[in-house]
Peer 1: 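Take a look at the following structure, please.
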Amino acid sequence: MANFTKALHLSKSYGKSLFSTLRNGHICNSRMISTTLYLRDFMAFFDDKKNWGATEVKSGRSWQKDDLRIKSNPDLHKLWYVLLKERNMLLTMEQECKEQMKLFPSPERLDKVEESMENLEEVVRERNRAYHELERGEIGEQPKETIIGPFGLPEEYKMTEHSIPKEINAEWYKQQQIKCDPRDVAEFGRKYREKEFIEKRRQHKRDFNHVIGLLNRFPKMDMEALKEQYPDVDIEKAKASRKYKPPPVFDD
Amino acid sequence: MSTRLYPLYQKGGPQLRVFLPNFWLKLVRPDNDRPSNIVQFMCSMEMTRYDIKNYLEKIYGIKCVHVRTRIALGKTRLEPGRGYVIKDDDIKYAYVILPKGETFEFPNLFPEEKEKELKEQEKTFEEIKKSHEKFLSKNSNRPGTPGWFSF
């Protein structure tokens, strides 16, 4: 696992192990900050030399949320930079492969790193939320509001800080005043709703016919599971349809 | 506030610090001949020159004298047979000038030995393919019979 080995490598250089539970703490504490030449060089942007020109590079799984929840905040902070460097390295290699018209070996590595970063951020967000709920009684996320947009549809508005109140903020007011002709908005809304309704009706019809087809092919199907999967379809009504032609059953 | 939202900076306020930066930086092969102390990067569109300098110094430990950036316009082209225009994404390039005496040469990431190995593998694969085709051609006038049927 490239991430894992690199994390170990970097953690050694920071003088504190990310995996102090796995490793002997005494050895790690005795080593103070010592960055290797490899880390300071531009070669950190490239993969290991043995992987140059390889067709496949083996890697482990990504960091899951459960792995990250048991780490301390400084460890997560260090791991973020490890992942960031790994991602930069993979992006560099991918770009060079593209330029040289070669196949980028094991592209799933990029997805794994990105997934790990997402998970890490989610864990940090969780901790943030817990802190804010405990100390301030709010979530600590950016406040949101649902407003009616210029096209008459509900939109999510993310509130941000401003240096002046909105009563005297002429620029902000100008932005808010983008409005369409109310008659056009009304017509758009009518057509939009009609489109939605037609789509919904078609979906319902499709489901209904599909359920009939399923009943015809599999007469001994689990009816409760069918009801659960297609809650909008009335099965009694489907059975009353002229399209319902189940095959004869002989075994009982 | 969340990890990605920073308080509004006002005069006299504390310096904003980024704890989890999500900028990316790609080291790319220079697109034309340039002095060996200039390194070319692709970077995220939001990065400024100061960001790039700090990013390289704090995360990679690379000192740089000066950073220049430019935004390359993405190419536009007509979708064949459709008639609408497609535009590629714009790319931000950064040109980092290294301190005196330091140089950087973009390495060859595809060594010749490995290329040769790959070619040999391909050759053997081709041979196997040919022999299999020959084996199948034995039965070409008796379709449907299994391969072990004839001697």
Side-chain angles (χ1 to χ4, degrees), chain A residues 13 35-37 39-47 49-55 73 76-77 80-85 87-102 114 117-118 120-125 127-129 132 138-143 158-163, chain B residues 1-11 13 17-31 36-37 39-44 52 55-64 91 93 96 98 102-119 121-122:
Chain A
S13 65
T35 43
T36 55
L37 196 86
L39 286 169
R40 278 196 281 108
D41 207 8
F42 280 109
M43 295 318 275
F45 279 99
F46 301 103
D47 208 347
K49 263 199 175 171
K50 62 178 181 187
N51 291 336
W52 290 7
T55 48
N73 282 336
L76 287 187
H77 196 222
W80 177 264
Y81 287 95
V82 173
L83 292 170
L84 197 73
K85 281 180 139 183
R87 188 177 65 173
N88 283 346
M89 183 274 282
L90 292 171
L91 286 173
T92 302
M93 299 301 280
E94 192 190 24
Q95 180 66 28
E96 180 61 10
C97 286
K98 251 185 220 167
E99 268 181 32
Q100 303 288 330
M101 308 279 268
K102 296 275 165 62
E114 251 147 46
M117 287 174 98
E118 265 169 33
L120 198 154
E121 206 176 324
E122 189 51 44
V123 168
V124 170
R125 191 159 265 153
R127 288 182 188 182
N128 222 18
R129 215 176 290 143
H132 276 269
E138 56 186 37
I139 322 167
E141 296 282 342
Q142 186 169 15
K158 283 180 181 171
M159 293 194 264
T160 46
E161 281 186 320
H162 292 269
S163 50
Chain B
M1 290 288 169
S2 77
T3 49
R4 288 268 167 262
L5 193 69
Y6 297 96
L8 184 72
Y9 180 75
Q10 280 175 315
K11 211 174 172 186
R17 300 203 182 267
V18 184
F19 287 106
L20 301 177
N22 53 359
F23 292 139
W24 54 263
L25 202 63
K26 284 185 209 175
L27 183 57
V28 294
R29 192 178 280 279
D31 45 16
S36 55
N37 65 336
V39 190
Q40 191 174 343
F41 287 96
M42 275 184 198
C43 58
S44 0
I52 292 162
Y55 194 94
L56 285 174
E57 277 180 9
K58 305 280 192 237
I59 299 177
Y60 285 94
I62 296 166
K63 288 227 163 114
C64 49
I91 302 169
Y93 283 106
V96 172
L98 301 177
E102 282 187 28
T103 55
F104 173 73
E105 187 97 1
F106 200 93
N108 177 23
L109 298 184
F110 302 98
E112 284 179 11
E113 300 160 17
K114 290 235 171 168
E115 298 283 300
K116 268 183 191 172
E117 266 180 37
L118 274 182
K119 269 188 185 170
Q121 279 179 11
E122 264 178 33

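Below, read A as the first sequence line, B as the second, and so on, with proteins coming before strands; counting in each chain starts at 1. Keep in mind it's a predicted model, so treat the numbers as computed, not measured.
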Peer 1: Which atom pair, heavy atoms only, marks the closest approach of B:Phe110 to A:Gly53?
Peer 2: CD2-CA, 4.1 Å

Peer 1: Show your working on side-chain contact (heavy atoms from CB on, under 4.5 Å) between A:Thr92 and B:Met42 and close with a plain yes or no.
Peer 2: CA-CA 9 Å; A:Thr92 302; B:Met42 275 184 198; over 6 Å; no

Peer 1: If you measure from CZ on B:Phe19 to CG on A:Asn73, what distance do you get to the nearest 0.5 Å?
Peer 2: 11.0 Å

Peer 1: Nearest 0.5 angstrom please: B:Leu27 CG to A:Met43 CE, how far?
Peer 2: 9.5 Å

Peer 1: B:Glu113 versus chain A, heavy atoms under 4.5 Å apart: side chain, backbone, both or neither?
Peer 2: neither

Peer 1: Take a 6.0 Å sphere around CD1 of A:Ile139 and say whether it holds more than 12 heavy atoms from other residues, nucleotides or ligands.
Peer 2: no

Peer 1: Does any heavy atom of chain A fall under 4.5 Å from the side chain of B:Asn108, the backbone, both, or neither of them?
Peer 2: backbone

Peer 1: Could you tell me whether the side chain of B:Lys114 and the main chain of A:Lys50 form a donor-acceptor pair under 3.5 Å?
Peer 2: yes

Peer 1: Suppose we screen for side-chain hydrogen bond (donor to acceptor under 3.5 Å, both in side chains). Which residues come up paired with A:Arg129, at least two apart in sequence or across chains?
Peer 2: none

Peer 1: Using non-hydrogen atoms and a 4.5 Å limit, figure out which bit of B:Tyr55 sits close to chain A: side chain, backbone, both or neither.
Peer 2: side chain

Peer 1: Can you list the steps and then say if A:Phe42 with B:Phe106 is a ring pair (Phe, Tyr, Trp, His ring centres under 6.0 Å)?
Peer 2: CA-CA 9 Å; A:Phe42 280 109; B:Phe106 200 93; over 10 Å; no

Peer 1: So, taking the atom named CZ in A:Phe45 and the one named OH in B:Tyr60, what distance separates them when rounded to the nearest 0.5 Å?
Peer 2: 4.0 Å

Peer 1: Heavy-atom distances under 4.5 Å only: say whether A:Lys49 touches chain B with side chain, backbone, both or neither.
Peer 2: neither

Peer 1: If I measure from the heavy atoms of chain A, does B:Lys26 come under 4.5 Å with its side chain, its backbone, both, or neither?
Peer 2: both

Peer 1: If you round to the nearest 0.5 Å, how far is NZ of A:Lys102 from CG of B:Leu118?
Peer 2: 9.0 Å

Peer 1: Between B:Trp24 and A:Arg87, is the side-chain contact (heavy atoms from CB on, under 4.5 Å) condition met? List the steps.
Peer 2: CA-CA 8 Å; B:Trp24 54 263; A:Arg87 188 177 65 173; 3.9 Å; yes

Peer 1: When rounded to the nearest 0.5 angstrom, what distance separates CE in A:Met89 from CG in B:Leu25?
Peer 2: 14.5 Å

Peer 1: Considering all heavy atoms of both residues, which atom of B:Leu109 and which atom of A:Met93 are nearest to each other, and what is their separation?
Peer 2: CD1-SD, 3.8 Å

Peer 1: Nearest 0.5 Å, please: how far is CZ in B:Phe23 from CG in A:Asn88?
Peer 2: 12.0 Å

Peer 1: Applying side-chain hydrogen bond (donor to acceptor under 3.5 Å, both in side chains), name anything that partners B:Glu117, two or more places apart in sequence or on another chain.
Peer 2: none

Peer 1: Indicate yes or no for a side-chain donor-acceptor contact from A:Trp80 to the backbone of B:Pro21 under 3.5 Å, with no hydrogens or angles considered.
Peer 2: yes

